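These numbers were taken from a predicted model, which means no experiment stands behind them.
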Amino acid sequence: MVSTLDGQRAQDGPATHDVTNQAPPLTPYDASEDTALLQGLRREGAGWAEEDLRRLGRQAGSAQAQEWADLANRHEPELRTHDRYGNRVDEVEFHPSWHHLMRTAIAEGLAGAPWADDRPGAHVARTAGGLVWGHTEAGHGCPTSMTYAAVPALRRQPELAKVYEPLLTSREYDPQLGVPTGKPGLLAGMGMTEKQGGSDVRTNTTAATPTAEPGVYTLRGHKWFTSAPMCDVFLVLAQAPGGLSCFLVPRVLPDGTRNTFRIQRLKDKLGNRSNASSEPEFDGTVAWLVGPEGQGVKTIIEMVNCTRLDCVMMSAALMRKSLIEAGHHARHRSAFGARLVDQPLMRNVLADLALESEAATTLTLRLAGAADRAVRGDEGEAAFRRIATAVGKYWVTKRGPAFTAEALECLGGNGYVEDSGMPRHYREAPLLSIWEGSGNVNALDVLRALSREPGTAEALFDELDRARGANARLDAAVTGLKRQLSEASQVTARRLVERMALTLQASLLVRHAPPAVADAFCATRLGGDWGHAFGTLPEGTGLGTILERALPGGD
């Protein structure tokens with residue numbers, strides 16, 4: 001029997017809660033379904049890792065992993081300074097989803113594992129894994145990145161490396177505090193900056209006082225940004241009698257007592273909210289010297305080179321994730337009588353974003369390849385890595401905020417609400433430009449490399465010359481870059497580094513991407529046939545070819 005109310009509904013049409021013209025959930029999807037990524041993996045010597053990468057890609061795009069990412073950011077870490085009895089404990093409590101993400105990342109070799117892997121391409125495989133697992137969330141990438149980066153710095157003190165390196169390269173995750181040598185695996189953090197100096201670490205005031213035991217010091221001071229305070233050990237800069245030096249600081253001492261590591265507060269950050277960033281105070285904190293006194297910056301710079309690469313990697317991963325979200329929405333949303341993805345102007349926007357994303361991914365993997373070969377003794381690749389990592393860190397991380405903003409806009413109002421995940425990506429993007437040196441710091445570092453390490457410029461132009469004659473715009477850009485180089489100054493440093501990055505990306509695309517992709521990139525980024533926003537590719541650009549390559553399942 002049909003009620004009067006049911007009959008009225010039938011006459012009035014669909015019920016008001018019926019949902020139409022909305023995109024279905026993106027999950028599950030395969031985060032490794034990226035032609036540029038897979039080609040780069042093989043090209044840079046890690047094709048042997050492809051099966052594992054594809055498996056990780058399916059896991060990253062699963063509903064479970066995406067839920068972990070959401071929950072880890074909605075339920076932020078909480079600082080507990082004291083226990084119920086008033087004893088100082090200085091612990092940070094995380095949501096279980098954080099631990100699920102961390103456990104997966106460590107098990108998949110995204111922390112220190114490549115340093116224990118003799119296969120050529122091991123560091124490339126790790127970077128590719130980060131590009132894929134980065135589709136979950138970025139916060140837990142901080143402790144994995146610092147753990148990876150700590151190993152080469154620690155090797156400057158062989159007796160410490162002998163003890164800690166096997167644990168830092170482990171694939172086992174143990175979040176409980178304990179004596180480091182009694183755990184199955186360790187995480188490492190880093191404490192460099194202080195409130196009065198920031199990037200100018202030579203102004204640090206944390207004092208290191210030698211003890212009667214050789215190589216052992218006590219620290220007193222206050223650090224300004226120390227991420228992941230629940231790591232097991234930290235590499236810290238402090239002023240020793242011989243000058244600024246690097247030290248290893250464990251949270252728990254060999255006798256089982258807690259080292260003095262007073263967490264004063266957690267930072268209330270714009271993004272990266274799943275990750276705890278803290279201000280610790282040292283007061284009689286026991287530390288072991290790493291490298292000679294007075295060479296703290298030289299000791300820890302290898303760690304910075306590694307984490308800067310990870311900033312490029314995470315920016316590229318964020319771009320790719322945002323592009324996938326935008327493309328998925330455009331495929332399923334209609335307006336003005338057609339799907340968004342079929343409308344010329346939206347296709348222009350998506351294709352322009354796709355060019356930027358592929359250039360970032362391709363450069364990231366090239367940098368990872370250089371790092372892998374440099375570790376194995378290739379001096380030419382070491383010189384290229386030295387300058388190209390700083391160049392890539394400057395430019396790719398600078399592009400992230402504009403990219404994520406445009407991708408968010410593709411979803412319109414749907415992208416502005418937290419449930420879409422896009423606001424989290426947008427808030428995350430600026431961090432990667434700030435962490436490990438802001439834009440100015442990296443631009444000045446490029447100038448420093450050019451003036452003090454002449455082989456770096458030669459390595460960069462050797463790389464660019466590999467594409468000579470293949471594209472007229474690229475050839476002209478390289479010629480112009482050489483002229484800019486001779487006129488370099490602090491005032492023009494950003495313009496110079498931007499040009500370096502664009503010519504390097506263009507060179508890689510000309511050599512490795514389809515003509516439609518390479519020609520469009522060179523015409524716009526080098527030739528000036530472009531506007532000031534994404535979606536301003538010129539008439540005649542092969543939008544369909546670009547989108548078919550970039551978006552899984554075609555456009």
[X] bridged to [Y] by N-O distance under 4.0 Å:
| X | Y | answer |
| --- | --- | --- |
| E172 | R103 | no |
| D90 | R265 | no |
| D52 | R54 | no |
| E137 | R424 | no |
| D83 | R88 | no |
| D372 | R385 | no |
| D352 | R525 | yes |

Exercise. Dump the intermediate steps for side chain to side chain donor-acceptor pair (under 3.5 Å) on H140 and W133, then the final yes or no.
Key: CA-CA 10 Å; H140 76 291; W133 190 242; 2.8 Å; yes
Surrounding [atom1] of [X] (heavy atoms of other residues, nucleotides or ligands, distance under 6.0 Å), is the total greater than 12?
| X | atom1 | answer |
| --- | --- | --- |
| E78 | CD | no |
| E76 | CD | yes |
| Q490 | CD | no |
| F94 | CZ | yes |
| R80 | CZ | yes |
| R55 | CZ | yes |

Quiz item: For residues N275 and N272, is any side-chain donor paired with an opposing acceptor at under 3.5 Å?
Solution: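 A donor-acceptor contact under 3.5 Å links the two side chains.
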Quiz item: Centres of the F261 and F234 rings: under 6.0 Å?
Solution: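 Yes, close enough.
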Quiz item: Can you say whether the rings of F534 and W530 are parallel (under 30°), tilted (30 to 60°) or perpendicular (over 60°)?
Solution: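 Because their plane-to-plane angle is over 60°, the rings of F534 and W530 count as perpendicular.
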Practice problem: Check the angle between the aromatic planes of Y29 and H135 and answer parallel, tilted or perpendicular using the 30° and 60° thresholds. | Solution: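 Because their plane-to-plane angle lies in the 30° to 60° range, the rings of Y29 and H135 count as tilted.
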Practice problem: Under the salt bridge (Lys or Arg N to Asp or Glu O under 4.0 Å) rule, what do D200 and K195 come out as? Steps first, then yes or no, please. | Solution: CA-CA 10 Å; D200 188 5; K195 64 184 77 174; over 6 Å; no
Roughly how far, to the nearest 0.5 Å, is the [atom2] atom of [Y] from the [atom1] atom of [X]?
| X | Y | atom1 | atom2 | value |
| --- | --- | --- | --- | --- |
| E108 | I106 | CD | CD1 | 11.0 Å |
| L509 | C522 | CG | SG | 7.5 Å |
| C246 | I300 | SG | CD1 | 4.5 Å |
| S274 | L101 | OG | CG | 7.5 Å |
| D342 | M346 | CG | CE | 11.5 Å |

Quiz item: Hey, does L340 have a side-chain heavy atom less than 4.5 Å from the side chain of R347?
Solution: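 No, their side chains stay 4.5 Å or more apart.
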Exercise. Taking the side chain as every heavy atom from C-beta outward, state whether L237 and T206 have any pair of such atoms under 4.5 Å apart.
Key: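 Not touching, per the 4.5 Å side-chain cut-off.
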Quiz prompt | Step-by-step ring-ring contact (aromatic ring centres under 6.0 Å, His included) determination, H123 to Y148 | solution = CA-CA 10 Å; H123 296 268; Y148 170 68; 5.7 Å; yes
Practice problem: Look only at the side chain of R251 and the backbone of P229, and say whether a donor-acceptor pair between them is shorter than 3.5 Å. | Solution: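 Such a contact is found between R251 side chain and P229 backbone.
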Self-check item: R308 side chain to K393 backbone, donor-acceptor under 3.5 Å
Solution: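 Such a contact is absent between R308 side chain and K393 backbone.
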Self-check item: K321 and E325: CA distance, side-chain angles, deciding distance, salt bridge (Lys or Arg N to Asp or Glu O under 4.0 Å) verdict
Solution: CA-CA 6 Å; K321 169 66 170 173; E325 294 277 5; 3.0 Å; yes
Quiz item: Do we get K223 above F282's six-membered ring, with its NZ or CZ under 6.0 Å from the centre and within 45° of the axis?
Solution: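 Not flagged: K223 not positioned over aromatic ring of F282.
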Quiz item: Does NZ or CZ of R320 fall inside the cone over F403's six-membered ring, less than 6.0 Å from its centre and within 45° of the axis?
Solution: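 No, a cation-pi geometry is absent between R320 and F403.
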Quiz prompt | Residue of the set S315, S438, S433 for which side chain to side chain donor-acceptor pair (under 3.5 Å) holds with K398 | solution =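 Exactly one candidate clears the test, S433.
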